[in-house]
Amino acid sequence: MNPLAHRPFVKMNGLGNEILVLDLRADPVDVPPAAARALARPSVLPFDQAMVLYPPRRAGTAAFVRILNSDGSYSAACGNGTRCIAALEAQATGAPHVLFESEAGLLDCAVRADGQVRVDMGAPRFAWTEIPLSRDVGDTAAVLVPGFEQLGPASLVSMGNPHAVFFVPDADRVDVEGLGAALEHHPLFPERANISFASLTAPDRVRLHVWERGAGRTRACGTAACAAAVSAARTGRAGRATTVTLPGGDLEIVWREGDSHVLMTGPVAHEFSGTLTPAMLEDVA
Ligand SMILES: N[C@@H](CCC[C@H](N)C(=O)O)C(=O)O
């Protein structure tokens with residue numbers, strides 16, 4: 001019997017970014033990539049990311065979080081998923097403040113009375129070794145990606161995971177699937193990358209479409225919204241407070257002065273809860 005069978009799950013979404021939550025704190029087991037791929041099948045529990053909660057490793061945190069994409073790959077960060085688990089934890093404990101830890105560091109979350117969740121996503125990282133890139137490209141704020149020069153320069157940044165943001169005249173008219181799939185696997189990105197197409201629609205508003213590493217096109221991506229807002233400010237296109245509009249809705253992003261942390265605020269939705277069945281994990285060794 002697969003050790004994940006009969007475990008409870010919660011299906012949620014953050015602005016349409018499909019999130020599966022597995023709380024394994026009471027009885028931790030590994031969630032291998034094959035299990036994530038099996039569960040993400042369209043006929044099972046299609047999701048973009050699985051947020052897997054393990055017992056805390058640091059005092060004061062509620063859980064250590066592992067994040068798997070639908071293709072079974074790991075990510076150190078997921079903004080929309082973090083809002084979802086913060087809302088669940090706050091509901092369970094009655095405390096509006098929740099601290100999680102992921103491979104990217106601490107995630108300080110606050111659930112507001114109106115249900116919106118704010119997450120401190122930490123500071124963006126711009127060094128080519130941190131994003132990471134396969135070589136030194138000079139200024140990572142504006143990089144022409146070989147073979148894709150027609151898109152203009154991309155702003156490259158890590159929000160705990162790698163992002164490339166292309167500022168284009170009209171993000172609604174970009175071939176997100178075609179360009180995203182090719183750029184995700186570009187040799188410049190040794191760990192692949194999340195690919196975003198952004199347009200400024202006002203000095204403090206960004207329209208964004210995202211092709212996610214390991215998940216494909218999604219209705220929203222929290223870390224991409226942070227990456228786009230930071231990149232817009234870094235390149236002088238916008239200030240440090242931005243509304244990012246994705247197909248799934250709006251995220252409010254503030255790139256704080258001082259500690260340089262990025263604060264992301266947005267909604268979550270609970271869809272349904274259930275129990276994993278052996279059939280859902282069929283063919284997983
Ligand atoms: N949807 C997420 C990002 C999830 C991880 C990403 N696909 C990656 O592999 O880096 C978000 O809301 O941030």
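For ligands, and for the atoms within them, numbers begin at 1 and follow the listed sequence. Residue numbers run from 1 in the order of the sequence given. Please read all numbers here as calculations on a predicted model, not as lab measurements.
Contact atoms of ligand 1 toward N161: 5 (C), 6 (C), 8 (C), 10 (O) (distance under 4.0 Å to a heavy atom of the residue). Remark: ligand 1 atoms within the under-4.0 Å shell around heavy atoms of N80 are 11 (C), 12 (O). Those atoms of ligand 1 with a heavy atom of A77 less than 4.0 angstrom away are 3 (C), 4 (C), 5 (C).
Below 30°, between 30° and 60°, or above 60°: for F166 and F197 the angle between ring planes is below 30°, a parallel geometry.
The two residues L24 and V29 make their nearest non-hydrogen contact at CD1-O, 3.4 Å. Closest heavy-atom contact between E184 and E212: OE1-O, 4.2 Å.
With a heavy-atom cut-off of 4.0 Å, N69 touches ligand 1 through its side chain alone.
Nearest protein heavy-atom contact of atom 1 (N) of ligand 1 is N17 OD1, 2.7 Å. Scanning the protein for heavy atoms near atom 12 (O) of ligand 1, the closest one is G222 N, 2.7 Å. In this structure, the protein non-hydrogen atom closest to atom 3 (C) of ligand 1 is E212 OE1, 3.5 Å. The protein heavy-atom contact nearest to atom 6 (C) of ligand 1 is N194 OD1, 3.3 Å. Protein heavy atom at the shortest distance from atom 2 (C) of ligand 1 is C78 SG, 3.2 Å.
Results of the side-chain contact (heavy atoms from CB on, under 4.5 Å) test with M264 over R118, R83, E252 single out R83 as the only residue that passes.
Annotation: cation-pi pair R58/F64 absent, no NZ/CZ under 6.0 Å from the ring centroid and within 45° of its normal.
Heavy atoms of A215 stay at 4.0 angstrom or farther from ligand 1. Taking 4.0 Å as the cut-off, C226 does not count as a neighbour of ligand 1 on heavy-atom distance.
With respect to the salt-bridge test (charged N to carboxylate O, under 4.0 angstrom), the residues E282 and R41 do not qualify. The existence of a salt bridge linking D120 and R256 is confirmed by a sub-4.0 Å separation between a basic side-chain nitrogen and an acidic carboxylate oxygen.
Considering both main-chain and side-chain atoms, G79 comes within under 3.5 Å of ligand 1 through a nitrogen or oxygen pair.
For R173, the CZ atom sits in a loose shell: 12 or fewer heavy atoms of surrounding residues, nucleotides or ligands are nearer than 6.0 Å.
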### Message
Evaluate V145 against L151 for side chain to side chain contact (heavy atoms under 4.5 Å, CB included), listing each step before the verdict.
### Response
CA-CA 9 Å; V145 179; L151 291 173; over 6 Å; no

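Taking all heavy atoms of M51, M159, R213 into account, the minimum distance to atom 7 (N) of ligand 1 is reached by R213.
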